[in-house]
Amino acid sequence: MKTGRDKKDNARSVARGSESAKDAPRRKPSMFPRALIDKFKKIPTPFYYYDTALLRKTLEAMRTASKKYDTEVHYALKANANVKILKIIRGYGFGADCVSGNEVRRAIECGFLPSLVVFAGVGKSDEEITHALKKNIGCFNCESTGEIKVINALANKLNKKATISIRINPNVNAHTHQYITTGLEENKFGINVWELPDVLHVIAQCRNINLTGLHFHIGSQVTDIAPFKSLCLKVNELQQWFESRHIYLTSINIGGGLGIDYYNPDKNAVPDFDGYLGVFMRFLNLRRGQTLHCEPGRALIAQCGTLVSRVLFVKNGRQANFIILDAGMTELIRPALYQSYHKIENLTGTKRNSIVSYDVTGPICESSDCFGKAIDLPVTERGDILIIRSAGAYGESMALDYNLRDRAKSFMSTEI
Ligand code: LLP
């Protein structure tokens, strides 16, 4: 029987435990008790379901680690900008990492302190910069000399001084999927190290700019500590370079990127934040008075989210058996875009001991609209409820209305 486990998948290397695909469907899904499944059955599908208790547990774990290591956390809104979720996250005292004017707007509307908002992005428009200046955000993470000049000019018009960090492209390989690697010279992000003399020359002429720090982000779904260690060594070198030019910085922002375990969402529901921040404490030579900042997205929000869907049809073919769900790449594009693995469970199939290999697909007119190939599931029928796990990050926030699809609703566990 095909197991579907031989696919080349970057997420696979991160699995901390191994799991037999044959055993997986027969196990009782621990997170989804009967009463909850009965509630799911009454709600029109597809929808996103967020487990608030797990979200709070995750946020609490991050808060504890960040207090221990004296680190300021800015939640990356791009992972999930759902208002209900943002209101919970801001309650933990975290700031926000934004990448568009609308994210800055949303963060502030949801109660994040403007002084704790940082604004990255390679292409900030004049309107977005002006809005952020007017809101007195904490820091612009600048990605080019052109951007620094424009921020300076717009700040001058408003008679303000903009606090900036230089986003440096450290040329460190994050060893993740090529589409979510950001810290290599071939990527468009940040300012290259060899450009720094020119950057300092430009900043020296900008009277409305206050350079306070350095910013980095090497990539996403990073599950090995080695790239983070390499980043620390690069930052240490760069700090010396700046100090040799008598530039003393007060903030070091290491970005986001901490990965999660897509294979074992129940066993490893809460990432090891202590271990992650501990790496930076060990290898980064922070100067007296310097603050460490980080920007986690996925690690805070992925595991508490589930995409809930119904089976529309089952088609048995010669090459494969297809499950056609009412959710598709429009609700969760990660498998189509990055060939990412997400665990799939049938919550209502009754023949739990008869296992069949299925390609689990959506209704969209694209062959890439597939959540997983050769997935072993109990015999599945029209109307069964299937769930796609670890969908809290980059699911709802990357939703599309392609094929004129309606936007799927979302429900917090406290609401249903
Ligand atoms: N900070 C910056 C500057 C970023 O560019 C990102 C993500 C983050 C923080 C948050 O990274 P996280 O902790 O979530 O890894 N759509 C892709 C992920 C793209 C991430 C882009 N930047 C996915 O579904 O895997």
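Both ligands and their constituent atoms are indexed starting at 1 by order of listing. The residues of the chain are indexed from 1 along the displayed sequence.
- Atoms of ligand 1 found under 4.0 Å from any heavy atom of Gly297 (numbered from 1 in listed order, with element): 12 (P), 13 (O), 14 (O).
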task = Begin with the C-alpha distance, continue with both residues' side-chain angles, and end with the deciding distance and a verdict on ring-ring contact (aromatic ring centres under 6.0 Å, His included) for Tyr358 and Phe322.
result = CA-CA 5 Å; Tyr358 292 105; Phe322 296 100; 9.7 Å; no
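- Relative orientation of the Phe40 and Tyr49 rings is perpendicular, given thresholds of 30° and 60° on the angle between their planes.
- Between Asp97 and ligand 1, an N or O atom pair is found at a separation short of 3.5 Å.
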task = Run the numbers on Glu103 and Lys78 for salt bridge (charged side-chain N to carboxylate O under 4.0 Å, His left out), then give the verdict.
result = CA-CA 8 Å; Glu103 283 192 0; Lys78 62 180 81 65; 5.5 Å; no
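- Taking both residues in full, the closest heavy atoms of Cys98 and Ala107 are given as SG-CB, 4.0 Å, listed atom of the first, atom of the second, then distance.
- In this structure, Ala393 falls outside the shell of residues with a heavy atom less than 4.0 angstrom from ligand 1.
- Counting heavy atoms under 4.0 Å from ligand 1, residue Glu295 touches it through both backbone and side chain.
- Distances below 4.0 Å separate heavy atoms of Arg334 from the following atoms of ligand 1: 23 (C), 24 (O), 25 (O).
- Evaluated for a ring-ring contact (aromatic ring centres under 6.0 Å, His included) with Tyr341, the options Tyr263, Phe371, Tyr262 yield exactly one hit, Tyr263.
- Residue contact annotation: Pro296 has a non-hydrogen atom under 4.0 Å from ligand 1.
- Of all the heavy atoms of Tyr338, the ones lying under 4.0 Å from any atom of ligand 1 belong exclusively to the side chain.
- Residue Arg167 approaches ligand 1 through these ligand atoms, each under 4.0 Å from one of its heavy atoms: 3 (C).
- Contacts with ligand 1 closer than 4.0 Å are made by no heavy atom of Val222, backbone or side chain.
- Between the side chain of Gln240 and the backbone N or O of Glu237 there is no donor-acceptor pair closer than 3.5 Å.
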message = Checking Phe280 against Phe228 for the ring-ring contact (aromatic ring centres under 6.0 Å, His included) test, could you report, in this order, the C-alpha distance in whole Å, the side-chain angles of both residues, the deciding distance, and whether it holds?
response = CA-CA 8 Å; Phe280 292 95; Phe228 291 128; 5.7 Å; yes
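- Contacts with ligand 1 closer than 4.0 Å are made by heavy atoms of both the backbone and the side chain of Arg298.
- Ring geometry for Tyr92 against Phe94 counts as tilted: the plane angle lies between 30° and 60°, on a 0 to 90° scale.
- Distances between N or O atoms of Ala76 and those of ligand 1 include no value under 3.5 Å.
- Numbered from 1 in the order shown, with element, the atoms of ligand 1 that lie under 4.0 Å from a heavy atom of Met398 read 16 (N).
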